[in-house]
Chemist: 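Please read through the structure below; I'll follow up with questions.
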Number of protein chains: 2
Amino acid sequence: MTTSESVLPSRREQNKLATRRAIADAALSVLRSKGIGNFTVEDISEEAGVSRRTFFNYFPSLEASLASVTEGFLDNALEQFRLRPANEPILESARAALMALADPMTVAPMAELFSLTQDNRTLARSELEAWDHCTNQIIDAARHRLGPDADELYLRALAGSIVSCGKAAMTIWFEDRGSDLSAESLASLRQHLINAIGLLGSGFNPSA
Amino acid sequence: MTTSESVLPSRREQNKLATRRAIADAALSVLRSKGIGNFTVEDISEEAGVSRRTFFNYFPSLEASLASVTEGFLDNALEQFRLRPANEPILESARAALMALADPMTVAPMAELFSLTQDNRTLARSELEAWDHCTNQIIDAARHRLGPDADELYLRALAGSIVSCGKAAMTIWFEDRGSDLSAESLASLRQHLINAIGLLGSGFNPSA
DNA sequence: GTGCAAACTTGCACTTAGTGTAAGTGGGTG
DNA sequence: CACCCACTTACACTAAGTGCAAGTTTGCAC
């Protein structure tokens with residue numbers, strides 16, 4: 001209550017984060033061993049060494065525990081976006097932020113999730129939610145940068161398009177390369193991301 | 001088996017469609033009367049005059065029965081997109097297709113759904129799924145138009161961006177106008193859609 | 001119209017998701 | 001070291017979603 005008010009993550013906060021991470025890791029682990037759709041929240045809880053009820057104290061659903069992988073992945077890029085200088089052209093900031101998606105450490109769990117889930121419907125929902133959440137974060141960040149009287153339509157259309165470009169690049173990359181994380185493969189992901197933003201910046205003019 | 005092979009919707013098909021529609025209508029009706037989150041699949045089934053089991057024969061979840069509103073709304077625009085001449089610039093086709101979103105008949109149920117659900121999380125998922133499905137349909141339609149050797153990254157990034165623009169315009173419009181369906185309000189929706197596609201076509205260049 | 005086969009509906013039983021509640025338990029702080 | 005509060009857990013319950021088998025309707029041929 002005195003000095004460590006809200007800035008420092010208290011010991012308890014750290015523990016909670018650890019539990020959360022343990023559950024998320026367990027979820028991925030169980031997904032690996034049993035395959036998509038062949039396990040329950042109980043399986044994950046057991047693997048994580050907590051009760052079923054505790055699982056639901058941390059995640060609202062089974063899919064959410066897996067989507068936390070995607071969230072972490074996107075949060076990283078979001079952080080980069082926020083760190084860009086405010087006077088930089090937005091698409092340039094976006095390009096720089098998207099580069100973070102090609103970081104080996106960050107993309108690895110994401111690629112594994114991709115490969116383990118492929119075309120699963122239920123999971124796809126939480127996945128979409130994560131991308132949508134990211135879009136909203138970009139909108140907020142961009143609004144903050146451009147001031148309160150920025151055009152809302154501009155903000156929303158732009159943020160949505162940026163995210164779509166990121167998603168498109170990730171999809172293409174994964175279809176081409178599977179979960180190949182070699183330097184060369186990551187370079188191609190980076191190129192896809194650059195190309196996508198390039199298309200966006202040129203208004204998808206076919207001649208470009 | 002002779003002539004009505006597969007082209008005409010057989011009597012059985014019509015009945016199924018009618019049941020499906022009855023359930024979807026019932027879902028909206030119950031949503032209206034009880035409010036979001038305060039009803040179950042059983043309530044909808046009862047209102048539609050079918051068993052709970054039959055409900056699940058038609059829709060995989062409660063949210064899906066409501067999301068069918070959005071699907072119908074988007075399918076309409078999709079149809080317009082497919083009808084555009086193949087040699088037309090794609091963004092122009094997109095603009096024309098998006099105009100269908102401002103059709104009073106089509107947008108009315110959508111606007112009501114918007115107003116009844118507002119910021120509900122669970123429903124938002126199925127909603128996102130519908131927009132995502134639409135994106136994939138656009139990708140297919142555009143691939144069909146541009147031939148099989150079109151750049152996949154181009155297709156996906158473009159389709160995603162177009163849908164994002166549509167979504168952005170709808171969101172802004174609804175925030176401004178609530179469920180006002182007057183001619184003037186719809187004109188403003190149309191203008192939002194045109195503006196969004198304009199932004200996309202100009203690469204979101206702030207000077208434009 | 002009568003009967004038949006296929007399609008559609010329904011009831012039942014079951015697993016799992018998700019939540020409220022109240023009682024435990026243990027770690028951090030004074 | 002003892003208290004207290006945050007976190008965990010067990011329990012009980014509602015509702016989602018599904019497989020199955022028995023009923024009921026519907027389209028169709030005769």
Side-chain angles (χ1 to χ4, degrees), chain A residues 1-6 8-24 26-27 30-31 34-68 120-126 129, chain B residues 1-23 26-27 30-31 34-68 120-126 129:
Chain A
M1 287 284 188
T2 52
T3 56
S4 64
E5 179 97 15
S6 61
L8 294 186
S10 79
R11 212 80 162 214
R12 278 208 150 96
E13 285 303 311
Q14 287 178 271
N15 287 347
K16 282 189 75 168
L17 278 215
T19 305
R20 189 184 171 83
R21 182 179 204 111
I23 294 175
V30 173
L31 172 61
K34 299 207 173 186
I36 187 75
N38 301 125
F39 59 96
T40 70
V41 170
E42 186 136 26
D43 295 325
I44 299 177
S45 316
E46 200 175 337
E47 173 83 16
V50 300
S51 74
R52 201 178 78 96
R53 193 62 183 80
T54 295
F55 175 95
F56 283 112
N57 284 343
Y58 282 87
F59 295 99
S61 69
L62 189 153
E63 306 89 57
S65 68
L66 286 168
S68 71
N120 181 58
R121 296 213 59 66
T122 321
L123 191 61
R125 284 199 219 171
S126 285
E129 223 170 350
Chain B
M1 284 285 189
T2 52
T3 57
S4 64
E5 179 96 17
S6 61
V7 187
L8 295 185
S10 77
R11 196 59 172 265
R12 277 210 149 96
E13 285 303 313
Q14 286 177 271
N15 288 346
K16 282 189 73 167
L17 278 216
T19 305
R20 189 185 171 83
R21 182 180 204 112
I23 294 174
V30 174
L31 171 62
K34 300 208 171 185
I36 187 73
N38 302 124
F39 58 96
T40 70
V41 169
E42 186 136 28
D43 295 324
I44 300 177
S45 316
E46 199 174 336
E47 173 83 16
V50 299
S51 73
R52 201 179 78 98
R53 193 61 184 82
T54 295
F55 175 95
F56 284 112
N57 285 341
Y58 283 87
F59 295 100
S61 68
L62 188 153
E63 306 89 57
S65 69
L66 287 169
S68 70
N120 181 55
R121 297 213 57 67
T122 321
L123 190 61
R125 285 198 219 171
S126 286
E129 221 170 351

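Keep in mind it's a predicted model, so treat the numbers as computed, not measured. Atoms considered below: every heavy atom in the structure, side chains included; atoms not considered: hydrogens, waters and symmetry mates. In what follows, every chain begins at residue 1, and chains take the letters A, B, ... in the order their sequences are listed.
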Chemist: In sequence, state the C-alpha distance, the side-chain angles, and the governing distance for A/E42 and A/R52, and then conclude on salt bridge (Lys or Arg N to Asp or Glu O under 4.0 Å).
Modeler: CA-CA 6 Å; A/E42 186 136 26; A/R52 201 178 78 96; 5.3 Å; no
Chemist: In whole Å, I'd like the distance from the CD atom of A/E42 to the P atom of C/dA17.
Modeler: 8 Å
Chemist: With salt bridge (Lys or Arg N to Asp or Glu O under 4.0 Å) as the criterion, how do B/K34 and B/E47 come out once you've worked through the C-alpha distance, each side chain's angles and the decisive distance to 0.1 Å?
Modeler: CA-CA 12 Å; B/K34 300 208 171 185; B/E47 173 83 16; over 6 Å; no
Chemist: D/dT14 P sits how many Å from B/N38 CG, rounded?
Modeler: 17 Å
Chemist: Between C/dG18 atom C1' and B/E63 atom CD, what is the distance in whole Å?
Modeler: 13 Å
Chemist: When rounded to the nearest 0.5 angstrom, what is the spacing between OG1 in A/T40 and CG in A/L62?
Modeler: 7.5 Å
Chemist: Under a 4.5 Å cut-off applied to non-hydrogen side-chain atoms, are B/N57 and B/R53 in contact?
Modeler: yes
Chemist: D/dT14 C1' sits how many Å from B/D43 CG, rounded?
Modeler: 13 Å
Chemist: Given side chains that start at C-beta, do those of B/R125 and A/S61 come closer than 4.5 Å, heavy atoms only?
Modeler: yes
Chemist: Less than 4.5 Å apart, any side-chain heavy atom of A/F59 and any of A/V41?
Modeler: no
Chemist: Measure the distance from CZ on B/F39 to C1' on D/dA15 and round it to the nearest whole Å.
Modeler: 13 Å
Chemist: What's the NZ-C1' distance between B/K34 and D/dA15, to the nearest Å?
Modeler: 14 Å
Chemist: Between A/L62 (CG) and D/dA16 (P), how many Å, whole number?
Modeler: 18 Å
Chemist: Round to a whole Å and report the spacing from CD1 of A/I23 to C1' of D/dT9.
Modeler: 13 Å
Chemist: Atom pairs, N/O to N/O, protein against nucleotides 7-10 of chain C, distance under 3.5 Å?
Modeler:
{"unit_1": "C/dT9", "atom_1": "OP1", "unit_2": "B/Y58", "atom_2": "OH", "d": "3.1"}
{"unit_1": "C/dT9", "atom_1": "OP2", "unit_2": "B/Y58", "atom_2": "OH", "d": "3.2"}
{"unit_1": "C/dT10", "atom_1": "OP2", "unit_2": "B/S51", "atom_2": "N", "d": "3.0"}
{"unit_1": "C/dT10", "atom_1": "OP2", "unit_2": "B/S51", "atom_2": "OG", "d": "3.4"}
{"unit_1": "C/dT10", "atom_1": "OP2", "unit_2": "B/T54", "atom_2": "OG1", "d": "2.6"}

